[in-house]
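Working notes, beginning with the structure itself.
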Amino acid sequence: MNKLYASAESALEGIIRDGIDGFGLGQLPTTRQIRKMISSYVGENKEFERQYLAGELELEFTPQGNLAEKLRAGGAGIPAFFTRTGYGTIVAEGKPTQEFDGEWYVMERSLKADVSLVKAWKADTAGNLVYRMTARNFNPMVAAAAPICVAEVEEVVELGELDPDQIHTPGIYVKRLVHNPHPEKRIEQRTVSR
Amino acid sequence: MAWTREQMAQRAARELQDGYYVNLGIGLPTLVANYIPQGMDVWLQSENGLLGIGPFPTGASIDADLINAGKQTITTVPGSAFFSSADSFAMIRGGHINLSILGAMQVSEKGDLANWMVPDKMVKGMGGEFKILPQRTPPLTGVGAVDRIITELGVLDVTDGGIKLVELAPDVSLNELRQKTGVPIL
C-alpha cells in the first residue's frame, strides 16, 4: 500500500470499501491522488469527508451489499444485475427499473478495475490465497474484478502445502504477491468482555 | 420514563425467537447480543462475513482479523462460519435472515428508512442511530423496509393503515408519544 501511495497518479479512480485516516488505503485521499471514489462508508476518514463536502472529491456512494455484488459480477463477466436494494432512493436515481414477480428492482452496473489490491493471510507460489476470519470480507470479489491483482500476504508457502479444499481465491486471479510477514493491523474499536 | 439505550436493546431482544438467524446493524443494535435469553438458540450474523458472533474477547484473545461490521473486536462460537461480503449480502438479500435489527436516523410512517447521510453535514454510510422523527428529510436508504420501530418512547408497528402502537415505555403517555412523533398513531 505504501508503494502505491508513492506512485499513484492524481487521476486515480478508486473503489474502496472504507479507509482509516492516514493509514493503508486511507492515505490516498490525504495526498490528493484520488479524483473519484466509489465507496460504501467513509465515516472514519475525516480528510475524505472534508474533501467530499468541499466538492474536491467525487464520491459515488454505493450500499455495501451492492458494492460487493457489483465487484462479484464484474469479475464474473456479468455487466449488470437487478436488485431490490436502493429502489426508490437516491442510489437508484437515473437507473433503469423493472418489475419481476410483483416486486420492483433497480438495474445496477457491475464494476471492474485496472488493478486490484487485496490482503490475504497465506498464499502458495501459484497465487492461491487463504484469508483469515473476517479479514476475507471484500477481498475475493476485489481479486477477481481486475486483470492485475496484487496480493499482500503474511506467509508464502510451497505448492501442495495449502489444502485445495480450503482455497478462498484460486491463483488464476492473482498476478503478484507482496510478502509482508508482519503487517501492521490496526484495531479501530477495541472492545473486550469484562 | 423513556427507555435507555440498554433498555431499548433489551426490548429489541424480545423480538428474537429460537433458531433465528439475525443481522445486527452498527451501533445500538450490537447491544442486543447482550440480552439473548438463556437457552435460546440464535445465530447472529455480522455482514462483513460471519455467522455466529460470540461475546467480546478478553484482552488476551483479541484479534485484529476478527471484527464485526462496526469494526469492534469480537469472537466466534462453536459452529460459526466465515464467508465473503458477497455471500453475506446474498444471504440477506436472498431472504435467508429471519430478522434484521438496524439503527435508523429516521423512519417514515410508511416504513421508509433513512440511516446513511444528512446532506451537506456528515457523510457516514450505512449505520448510525437517531430517534424516530415525523417526516424523513435525509435521503432514503430503503423504501418500506421497516416493519417494527423501537424508540426510547415505545414500540410501533408499520402497518398498511399507518403507524400502530404496540407498547409504551414506562410512564410515557400516548399523548407524549403522539406529540413527539408527529404522525397519526393508531
Side-chain angles (χ1 to χ4, degrees), chain A residues 17-18 20 39-45 48-50 52-53 59 61-73 75 83-93 104 119 121 131-142 168-169 183-194, chain B residues 26 30 34 46-50 53-76 80 82-93 95 110 112-114 116-117 119-128 138-145:
Chain A
R17 204 188 66 107
D18 67 65
I20 313 175
S39 194
S40 69
Y41 183 81
V42 295
E44 254 63 66
N45 195 312
F48 213 169
E49 184 173 3
R50 192 202 62 73
Y52 169 64
L53 293 174
L59 179 61
F61 248 133
T62 302
Q64 203 159 137
N66 281 9
L67 188 59
E69 194 61 18
K70 279 164 166 276
L71 290 163
R72 198 199 65 78
T83 177
R84 283 180 64 194
T85 307
Y87 178 79
T89 74
I90 59 168
V91 165
E93 268 173 23
W104 280 92
K119 162 73 180 64
W121 179 32
Y131 307 101
R132 193 167 167 274
M133 301 197 279
T134 53
R136 190 180 323 177
N137 58 70
F138 269 65
N139 286 305
M141 293 77 73
V142 167
H168 298 134
T169 293
E184 183 186 356
K185 296 182 187 179
R186 289 202 191 169
I187 294 174
E188 289 182 67
Q189 307 281 340
R190 180 176 292 270
T191 41
V192 294
S193 298
R194 273 160 290 175
Chain B
I26 295 169
T30 58
N34 300 333
S46 190
E47 65 195 29
N48 54 327
L50 170 63
I53 307 175
F56 290 136
T58 59
S61 64
I62 207 161
D63 192 318
D65 286 337
L66 185 46
I67 57 174
N68 64 18
K71 305 180 181 184
Q72 296 174 311
T73 48
I74 50 170
T75 59
T76 55
S80 288
F82 293 116
F83 35 83
S84 73
S85 298
D87 289 329
S88 173
F89 287 96
M91 68 181 71
I92 297 170
R93 209 187 292 112
K110 291 192 164 58
D112 303 333
L113 174 68
W116 67 300
M117 73 187 282
D120 305 324
K121 280 207 180 135
M122 67 174 185
V123 189
K124 280 268 186 232
M126 303 290 181
L140 281 185
T141 314
V143 174

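Keep in mind the model is a prediction, meaning the values are calculated, not measured. For the numbers below, each heavy atom of this structure counts, side chains included, while hydrogens, waters and symmetry mates do not. Every chain is numbered from 1, with letters handed out A, B, ... down the list of sequences.
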Could you measure the distance from the [atom1] atom of [X] to the [atom2] atom of [Y]? Nearest 0.5 Å is fine.
X	Y	atom1	atom2	result
A:Asn66	B:Arg93	CG	CZ	6.5 Å
B:Ile74	A:Met133	CD1	CE	9.5 Å
B:Ile53	A:Thr134	CD1	OG1	10.0 Å

Review point. Any donor-acceptor pair under 3.5 Å linking the side chain of B:Thr73 with the backbone of A:Thr191?
Key: yes
Study note, to complete from the structure: For B:Ala64 and A:Lys185, the nearest pair of non-hydrogen atoms, with its separation, is CB-CB, 3.6 Å
Review point. Pick from B:Pro55, B:Gly49, B:Ser84: which one has the most heavy-atom pairs with chain A under 4.5 Å?
Key: B:Ser84
Exercise for review: Return the option, out of B:Asp87, B:Asp63, B:Leu50, with the maximum number of heavy-atom pairs under 4.5 Å with chain A.
Suggested key: B:Asp63
Exercise for review: For A:Gln64 and B:Phe89, run side-chain contact (heavy atoms from CB on, under 4.5 Å): C-alpha distance rounded to whole Å, both residues' side-chain angles, the deciding distance at 0.1 Å, then the answer.
Suggested key: CA-CA 8 Å; A:Gln64 203 159 137; B:Phe89 287 96; 3.7 Å; yes
**Study point:** chain B contact via A:Arg132 - side chain, backbone, both or neither, heavy atoms under 4.5 Å
**Key:** both
Practice item. For each of A:Met141, A:Arg72, A:His168, tally heavy-atom pairs with chain B at distances under 4.5 Å, and name the one with the top tally. Key: A:Met141
Check your understanding: At a heavy-atom separation under 4.5 Å, does B:Leu66 approach chain A through its side chain, its backbone, both, or neither?
Key -> both
